[in-house]
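Values below: all heavy atoms of this structure, side chains included; hydrogens, waters and symmetry mates excluded. Quick caveat, the model's predicted, so the values are computed rather than measured. Each chain gets a letter, A, B and so on, in the order the sequences are listed, and its residues count up from 1.
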Protein chains: 2
Amino acid sequence: MKPGDIKPGDIKPILELDRMVHEPARLAILTVLAAAEEVEFQFLQRITGLNKGNLSSHTQKLEATGYLATTKAFRGRIPVTSFRITKEGRKALEAYRKQLRKVAGG
Amino acid sequence: MKPGDIKPGDIKPILELDRMVHEPARLAILTVLAAAEEVEFQFLQRITGLNKGNLSSHTQKLEATGYLATTKAFRGRIPVTSFRITKEGRKALEAYRKQLRKVAGG
DNA sequence: ATCAACAGGTTTGCAGTACAAACTTGTTGA
DNA sequence: TCAACAAGTTTGTACTGCAAACCTGTTGAT
């Protein structure tokens, strides 16, 4: 860093996008969850088009961030994982959409 | 992959986002370029808030993809790099925004 | 009763990327 | 003449997304 250089903080970014939400796979997940009360893994996989591995890891990240809550239960003897969006997650999604509108235009 | 598994192509993704445009740094660059005829490196750096290194590498990627064109010239004896958005870039940005509107809501 | 195939996920390995820091080439000022 | 500056570029690291391999238990066929 040299004198005259633009320093961190010199500029307020136009757009402050939450990376956790910005990732398309997670955006899809949150968007679906925001519209439903609770959804199951399989359903979520079909609707988002993600494979199991990626759906699993993305939901884990969303959970670690507190945007999503996981429930594990059994249907008969078969394990079923379900997800809900948290209050935090809903807030984050709303904030993200607000940012998007700035750039989406029209 | 086992029988019953969801296969690639089984599902048409809701959202088809161009990763080259989706990256916030590049989105900012393209957005600025779309609004101006031609902009200089320094200006672009100030307005996007990126540091020189990252601005340089992102513009190079955009150029490699054909979304941006670079002009190098001298102001006096000092080198000045300028950028324009290409026709392709404008199209890509427009398509991206169209996708965004689906998810941005209200 | 045994064993292969299935259901429902999770973990791993790799390949690609963004960011900051270091470097480069030339210029200006003391 | 030589240190500081201008304008970028290249490098190194740390992260992250994806597909494939793996795991645990269940069901169906023989």
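- If you take CZ of B:Arg77 and C1' of C:dG29, they are 15 Å apart, rounded to a whole angstrom.
- Atom pair A:Arg75:CZ and C:dC6:P shows a separation of 20 Å (rounding to whole Å applied).
- Mapping B:Ile78 and A:Ser57 onto DNA chain C via the closest heavy atom, the residue that lands nearer the 5' end is A:Ser57.
- In the hydrophobic clustering of this structure, A:Phe43 groups with A:Leu50; members are Ile, Leu, Val, Met, Phe, Trp, Tyr whose side-chain heavy atoms approach within less than 4.5 Å, directly or through other members.
- Comparing atom distances between the B:Gln60 side chain and each of D:dT10, D:dT26, C:dG9 picks out D:dT10 as nearest.
- As a whole-Å value, the separation of B:Leu50 CG from D:dT9 C1' is 15 Å.
- When the P atom of C:dC19 is taken as reference, atom CD of B:Gln45 falls 13 Å away, rounded to whole Å.
- For the residue pair A:Thr70/A:Glu63, the side-chain donor-acceptor check at 3.5 Å is satisfied.
- Remark: A:Thr81 is not in phosphate contact with C:dG8, judged by side-chain N or O atoms under 4.0 Å from OP1 or OP2.
- You'll find that the side chain of B:Ser56 is closest to D:dT10, out of D:dT26, C:dC19, D:dT10.
- Side-chain atoms of B:Arg90 come within 3.5 Å of backbone atoms of B:Ala34 as a donor-acceptor pair (strictly under, hydrogens ignored).
- Phosphate proximity of C:dG8 to A:Gln42: present, with a side-chain N or O under 4.0 Å from OP1 or OP2.
- Relative orientation of the A:Phe41 and A:Phe83 rings is tilted, given thresholds of 30° and 60° on the angle between their planes.
- At distances below 3.5 Å, at least one donor-acceptor pair connects side-chain atoms of B:Gln99 with backbone N or O atoms of B:Glu16.
- Pairing each heavy atom of B:Leu17 with each of B:Tyr96, the nearest pair is CD2-CE1, 3.6 Å.
- Computed from coordinates, the B:Asn51 CG to D:dG8 P distance equals 14 Å when rounded to whole Å.
- With salt bridges taken as basic N to acidic carboxylate O contacts below 4.0 Å, none links A:Lys72 and A:Glu40.
- Computed from coordinates, the B:Phe74 CZ to D:dA7 P distance equals 12 Å when rounded to whole Å.
- A sub-4.0 Å separation between OP1 or OP2 of C:dC6 and a side-chain N or O of A:Lys52 is absent.
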N/O contacts under 3.5 Å, protein versus nucleotides 13-17 of chain D?
residue, atom, partner, partner atom, Å
D:dG17, OP1, A:Arg26, NH1, 3.4
D:dG17, OP1, A:Arg26, NH2, 2.9
D:dG17, OP2, A:Arg26, NH1, 2.9
D:dG17, OP2, A:Lys61, NZ, 3.1

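- Summary of helix geometry: the two end axes of the helix from C:dA1-D:dT30 to C:dA30-D:dT1, each defined by five base pairs via their C1' atoms, are inclined to each other by 20° (rounded to 10°).
- With hydrogens and angles ignored, the 3.5 Å screen pairs no side-chain donor or acceptor of B:Arg26 with any backbone N or O of B:His58.
- Rounded to an integer number of Å, the gap from A:Lys72 NZ to C:dG9 P is 6 Å.
- Taking atom CD on A:Glu63 and atom P on C:dG9, their separation rounds to 13 Å, with Å as the unit.
- Partner A:Tyr67 forms a side chain to side chain donor-acceptor pair (under 3.5 Å) with one of A:Thr59, A:Asp18, A:Thr86 and no other, that one being A:Asp18.
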